[in-house]
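FYI, side chains are in, hydrogens and waters are out, and symmetry mates aren't considered; it's all heavy atoms of this structure. The chains referred to below are lettered A, B, ... by the order of the sequence lines, with proteins before strands, and numbering in each begins at 1.
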Amino acid sequence: MYPTYKNLNLPEIDKDILRFWEEHQVFQKSIDQRSDVENFVFYEGPPSANGKPGIHHVMARTIKDLFCRYQTLNGKRVERKGGWDTHGLPIELSVEKELGITKEDIGKSISVDEYNQKCRETVMMYKNEWDDITRKMGYWVDLDNPYITYDNAYIETVWWLLKRLYDKGLLYKGYTIQPYSPGAGTGLSSHELNMPGAYKEVTDTTVVALFKVEKDDKSAFLFESEEEDVRIAAWTTTPWTLPSNTALTIGHNIPYCKIKTINTYTQQPVSIIMAEALVSKWFNGKNQPEVLSQSATIAAQQLEGVRYEQLLSFGNDIEPLLGFDGQFHTGAFRVLVGDFVTTEDGTGVVHTAPSFGADDMRVAKANGIGALTLVDKQGKFRDTVGEFSGRYVKNYKDDPDWINVDVDIAVQLKLENKALNVAKYVHNYPHCWRTDKPVLYYPLDSWFIKASAAKERMYELNKTINWKPASTGEGRFGKWLENLQDWNLSRSRYWGIPLPIWRTADGAQEKCIGSMDELKAEIEKANRQLGLNQQAPADMHRPYIDEVVLVADNGVAMRRELDLIDVWFDSGAMPYAQWGLDLEKLKNGADRPFNAPFDTMYPADFIAEGVDQTRGWFYTLHAIAVMAFDSVAYKNVVSNGLVLDKEGNKMSKRLGNAADPFETIAKFGADATRWYMISNASPWDNLKFDTAGIGEVQRKFFGTLYNTYSFFALYANIDNWAMDEQNVMPYDRRSELDRWVISKLYSLVAEYHEAMDDYEPTKAARAVETFVDEHLSNWYVRLSRRRFWKGEMSDDKQAAYQTLFECMMVATQLSASLAPFFADWFYRNLTNPIREKAKANNTPLRHESVHLTNLIQPEPDKIDKELEQRMDYAQRISSLILSLRKKENIRVRQPLQKVMLPILDERFIAHIEGVKDLILAETNIKEIEYVTDTAGVISKKIKPNFKTLGKRLGKHMKAASTIVGALSQENISAIEKSGAYLLEVEGETFDLTLEDFEITAEDIPGWLVATDGPLTVALDVTLTPELEAEGIARDLVNRIQNIRKECDFNVTDRIVVTLQRHELVVPAVEQFSAYIMGETLADSLQLSDSLAAGEEVEMAEGVMVRIGVERV
RNA sequence: AGUCCCGUAGCUCAGGUGGUUAGAGCGCUACACUGAUAAUGUAGAGGUCGACAGUUCAAGUCUGUCCGGGACUACCA
């Protein structure tokens, strides 16, 4: 017996199937039963378990899961090792929040040891939620043996990779300008700077400062008289950097000029140099100085090298900077030329303070300029800055009495005739996401990976990766690679992988450690040489590792560089670190000394994450693979878009519009949720998540499949029918309709494989949906219903059952990757009754789960495109006829005598003959008559074929269109007959053939006509008494069936019918009683003059007839 | 600021290489069907295809410039 259900309950199915999978270890079996020579390699991007899973994780993991399941069904072995990302600032932050401490407490009120211990505990805070959502959404991933980035074995592999890069000369220590948070006491990564809300709109005091030009040979041309006061104007939004100014930078192609004016603050005459394009911005406006005279254009080259007086001098020495020429320089107060200067705002001259801007540093180093760093790491002026000493440049201490030093500097400049303009300016500025204070750009020592050296190779290898969508790979990722900067690896933090580099105090000697064995050997060496008694720490984290002292070749002690490495390196190292180092291979100096099964698991065939990982995980995987092994890390990558709320807003906990994945799945089931997410839009488009859409999927797709099954089960149980896999009726013995749906089915299989192989899950899901809904349910089943309930078992009935079974079976397989629960439930409903037999015979349905079966493969010879074309005609013609019936208000139960089809093409007749019976049955019509144009009754419409004619006629097309449209019926007939036409248009002639026209039948005068493209039908709506009687007979069948149903009779119960003698029904009973009795399973049909019992039903408008129905 | 994605019916989306009535589903309205019935069919209303230019005989489709939504990246003075 096939199980039947009252209604479809997807969440309930989830639970049952989940239990089944776990009890029978279906996931494990699905991997084990495949050979490991047919690997499909998947990498899991590790989530961090210190945040709760959201609906967007369900999206990302659905994509991962469905391709892995597809490949499994397709015969591949797909291992899915899970992983956890355990390091990084978010974890540190949540610990600090929980403990109520700040960075400064670490090492004071809490030891680094305790702090890291707390991080280790906290990182798995939501592991249970993650495990739970993983199960409930049906994501198959191995969570029993995950890789964890804080494990020693993982860290050791990361060290090995770093050493490999180190040995290739790709690691270096550099002094660079980085975003730095004085409040937090640490540098910030670009990732942190881009956290939501980091960029805030702030109002800053801006100054156009005036730098007095020193008169010498170089600058002499700027002076018209001995006493002229010539100054260069430069704009800044950070006046606190002005004391640290050591240069001015101009742009090479920017024209400059000199303006004579009166300073509005001091009323003194002054000559000001700035970009010509910006003069109008600062002069002649309201409250602005007036231009007294303007010089001719001054080229940047003339200004380059001009010297000026220091703006605010406090007697500090210029700090030497290592120039690009390899020498240290202390040059200062010169005009430089840089490529980053624009005339979009400011004055076309950039105030340059090398310590507080990356551009500034670069241009200074290129030109032998030194620096002044007059602000310390706490964010306050050093003691040597006169009246500004000790003042915080921003309110980093939350001091209520804090006074903005920018304003004081501006005031001083005004008084000293050194300011052209002081104003408030609103702009976006990055803030530290932890302290909420503005970031400082500050020179810091840090370790870099010379990613720029591998830029070309990364770009080249990227071209071999299949990106979905392609634009992300070429555009966002490709462009990023083209302009690749070195990777800042250092983080001055506590909870992360320590940098494995030891240095002597003078930095002259250093050593990079690549494994635990190496570390142990080096420790022993140090113990011997330095007389220490150290042991390798059991935990490779800080603070233990910091205590290890190694020894340099010259016998000097070396200490570890205190930095940690960027957590992004952790995740990018997972292809190797998830397996760990193989000590044997390591000893033998293998190129890739990683534990098995690394060699068969690299690179990945497929990875997927959100598009926000493009420059995150996708990059770090690629960068490490290219730099360490000159390889790609993955061959196919799907980057999915965001999940937004239904209004299109970003989901956030703060706004309360974030969908809870647990709630959603509990309410709609995992499958409907998954199906909705994938079928609604391509995964790389943003999804406007609306649960109404899940409901729709539930009804439309799952409901339809369920209905189809219920229908099947109802009759299969009555007929005691079961699939006999070893005795299948050949297709050529099945009906046209059967062969049609089989053809459609295999067309679907081909389309499905193509889409899935191309990583286009949306196309695949939609194709399955269309088949199930339109072809299987709304055509095949609807037209076949009668075959299932009519009479005893026959070949035709067998064929119908087998065909329907096959369609459902394949639809299940094709749904299994995306809707794993429902598909398995469906599969088991269909196949459980024959499982034992299938096992005995070793036939395909022996598997206990659809996820253990072998996916149906495309079989081109089962596809009959001609047949599909025929059926398409049948469907469209039926539609046309039904629409005519509707228009004339003739119910479908009322038979009609005939329909006429104009024939435009001889092949058409053959096509229609094949599906004639279906059309006649569907539309309740007796016969089809083909009409050829010789009958002269059809009026036709003619149009030029724009595709063929456009190229030939070119600009005459418009005129030709008018001429062709005006052709008469006779002209059209002539063209059809001769197949040729001489077109004369605008003085030119063209030889046209039949192909150059589109001729359609438009109308048959006197008939009821409808058209759809090339198809036209004309309906004969004449009703004879006999047709009317037959119509009434069918109405009677309908009413009796309704009564049967109301009385809750079984489908197989036999009845006797008594009918009130009414003039409307008498002819029907006289002529069609056998038909009526056959249809309603009636043993007798009596007319009665006085029927008191029974039910009164309406036979026609206002005509009531009494019908008595009794079970035998 | 740069790079990329998106903008087609009230909503969610289709619309190879440009070709003349721009489609589907949902929703709405009306009618029909009724041995799949919390399903199904037919019909109707609903579109200046984000805007403006350009290329072309012909643009939803190609090019450019904007506008709106979003993501990522950034050293912006």
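- Rounded to a whole angstrom, the distance from the P atom of B/C28 to that of B/G68 is 35 Å.
- The distance between the ring centers of A/Phe356 and A/Trp240 falls below 6.0 angstrom.
- For the pair A/Tyr5 OH and B/A39 P, the computed distance is 21 Å after rounding to whole Å.
- Counting any heavy atom pair closer than 4.0 Å across all strands shown, A/Asn1038 reaches sugar-phosphate atoms only and no base atom.
- The CD-C1' distance, from A/Glu696 to B/G25, rounds to 6 Å in whole Å.
- Map A/Val350 and A/Glu1079 each onto its nearest nucleotide of RNA chain B; the residue landing nearer the 5' end is A/Glu1079.
- The side chain of A/Asn707 contributes no N or O atom lying less than 4.0 Å from OP1 or OP2 of B/A39.
- When heavy atoms are screened at a 4.0 angstrom cut-off, A/Leu953 is found touching no nucleic acid atom at all.
- Of the side-chain N and O atoms in A/Ser879, one or more sit less than 4.0 angstrom from OP1 or OP2 of B/U42.
- Of all nucleotides listed (B/A36, B/G19, B/A71), B/G19 comes nearest to the side chain of A/Lys947.
- Among the nucleotides B/G41, B/C26, B/A77, the one closest to any side-chain atom of A/Leu882 is B/G41.
- Only the C1' atoms considered, B/U40 is 39 Å distant from B/U17, to the nearest whole Å.
- Shown here, B/C76 forms no base pair; nothing in the strands shown gives a Watson-Crick or G-U wobble contact with both key distances under 3.5 Å.
- Comparing B/C4 with B/A74, their C1' atoms sit 15 Å apart, to the nearest whole Å.
- Look at the C1' atom in both B/G50 and B/G7: the space between them is 6 Å, to the nearest Å.
- Side-chain contact of A/Arg1034 with A/Asn924: a donor-acceptor pair under 3.5 Å is present, judged by distance alone.
- The pairing partner recorded for B/G7 is B/C67, the criterion being a Watson-Crick or G-U wobble arrangement whose two distances lie under 3.5 angstrom.
- Rounded to whole Å, the distance from CZ on A/Phe701 to P on B/A36 is 21 Å.
- In this structure, of B/C5, B/U40, B/G70, it is B/G70 that holds the atom nearest to the side chain of A/Asn686.
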Next item on the list: Apply salt bridge (Lys or Arg N to Asp or Glu O under 4.0 Å) to A/Arg786 and A/Glu1079, showing your working.
Entry: CA-CA 10 Å; A/Arg786 195 179 173 81; A/Glu1079 290 297 305; 2.3 Å; yes
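- Taking atom P on both nucleotides, B/G15 is separated from B/A9 by 15 Å, rounded to a whole Å.
- At a threshold of 4.0 angstrom between heavy atoms, the contacts of A/Arg782 include nucleobase atoms, whether or not backbone atoms are also involved.
- Rounding to whole angstrom units, CD of residue A/Glu769 and C1' of B/U12 are separated by 12 Å.
- Candidate nucleotides B/A36, B/C4, B/C13 were compared by shortest atom distance to the side chain of A/Ser471, and B/C4 ranks first.
- The separation of B/C11 from B/A77, taken at their C1' atoms, amounts to 47 Å, rounded to a whole angstrom.
- Using a 4.0 Å cut-off, some side-chain N or O of A/Lys943 falls inside it from OP1 or OP2 of B/U21.
- Atoms CG (A/Leu1019) and P (B/U42) sit 16 Å apart, rounded to a whole Å.
- Counting non-hydrogen atoms under 4.0 angstrom, A/Lys951 reaches a base of the nucleic acid.
- Side-chain proximity of A/Asp685 to B/U12, B/A14, B/A77: nearest is B/A14.
- The pairing partner recorded for B/G23 is B/C13, the criterion being a Watson-Crick or G-U wobble arrangement whose two distances lie under 3.5 angstrom.
- For A/Asn7, the side-chain atoms get nearest to B/A38 when compared with the rest of B/G19, B/A38, B/A36.
- Salt-bridge check for A/Glu760 with A/Lys468: passed, with a basic side-chain N closer than 4.0 Å to an acidic carboxylate O.
- Taking atom C1' in both B/C57 and B/U48, one finds a spacing of 22 Å when rounded to whole Å.
- Nucleotide B/A30 forms a Watson-Crick or G-U wobble pair with B/U42, both donor-acceptor distances falling under 3.5 Å.
- Base pairing of B/G54 is made with B/C62, judged by Watson-Crick or G-U wobble geometry with both donor-acceptor distances under 3.5 Å.
- Between A/Arg785 atom CZ and B/A36 atom C1' the separation is 7 Å, expressed in whole Å.
- Candidate nucleotides B/A14, B/A36, B/A77 were compared by shortest atom distance to the side chain of A/Thr236, and B/A77 ranks first.
- Ranking B/A14, B/U40, B/C57 by closeness to the A/Ser682 side chain, first place goes to B/A14.
- Atom CG of A/Leu8 is separated from atom P of B/U37 by 13 Å (rounded to the nearest Å).
- In terms of phosphate contacts, A/Lys688 brings a side-chain nitrogen or oxygen within less than 4.0 Å of OP1 or OP2 of B/U12.
- Residue contacts shown for A/Gly954 include a base, since a base heavy atom lies under 4.0 Å away.
- Within the model, atoms CZ of A/Phe701 and OH of A/Tyr706 stand 15.5 Å from one another, a figure rounded to the nearest 0.5 Å.
- Under the 4.0 Å criterion applied to side-chain N and carboxylate O atoms, A/Asp758 and A/Lys763 are not assigned as salt-bridge partners.
- At whole-Å resolution of the value, CD1 in A/Ile177 and P in B/C76 are 13 Å apart.
- Atom name C1', nucleotides B/U63 and B/U55: the rounded distance is 7 Å, in whole Å.
- Between the side chains of A/Gln698 and A/Trp675, no donor N or O sits under 3.5 Å from an acceptor N or O.
- Summary of the strand contacts: A/Ser710 and A/Asn945 both lie near RNA chain B, and taking for each the nucleotide with the nearest heavy atom, the more 5' one is attributed to A/Asn945.
- Under the Watson-Crick or G-U wobble criterion, with both distances below 3.5 Å, B/U37 has no partner in any strand shown.
- Annotation: A/Tyr441 is not in aromatic contact with A/Tyr180 [ring centroid separation under 6.0 Å not met].
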Next item on the list: Test salt bridge (Lys or Arg N to Asp or Glu O under 4.0 Å) on A/Asp996 and A/Arg952 and set out the steps.
Entry: CA-CA 11 Å; A/Asp996 297 321; A/Arg952 285 175 63 194; 3.5 Å; yes
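- Between A/Phe618 and A/Trp467, the ring center distance clears the sub-6.0 Å criterion.
- Between the side chain of A/Ser777 and the base of B/A39 there is no donor-acceptor pair of N/O atoms closer than 3.5 Å.
- If you check every strand for non-hydrogen atoms under 4.0 Å, A/Thr1080 touches a base.
- Looking at the side chain of A/Thr238, the nearest of the listed nucleotides B/A77, B/G41, B/A71 is B/A77.
- Taking side-chain N and O atoms only, A/Thr237 has a distance below 4.0 Å to OP1 or OP2 of B/A77.
- One finds no side-chain N or O of A/Arg891 lying less than 4.0 angstrom from the OP1 or OP2 phosphate oxygen of B/A32.
- Proximity note for A/Arg699 (side chain, C-beta onward) versus B/G27, B/G19, B/G25: the nearest is B/G27.
- Residue A/Tyr441 places none of its side-chain N or O atoms closer than 4.0 Å to OP1 or OP2 of B/A77.
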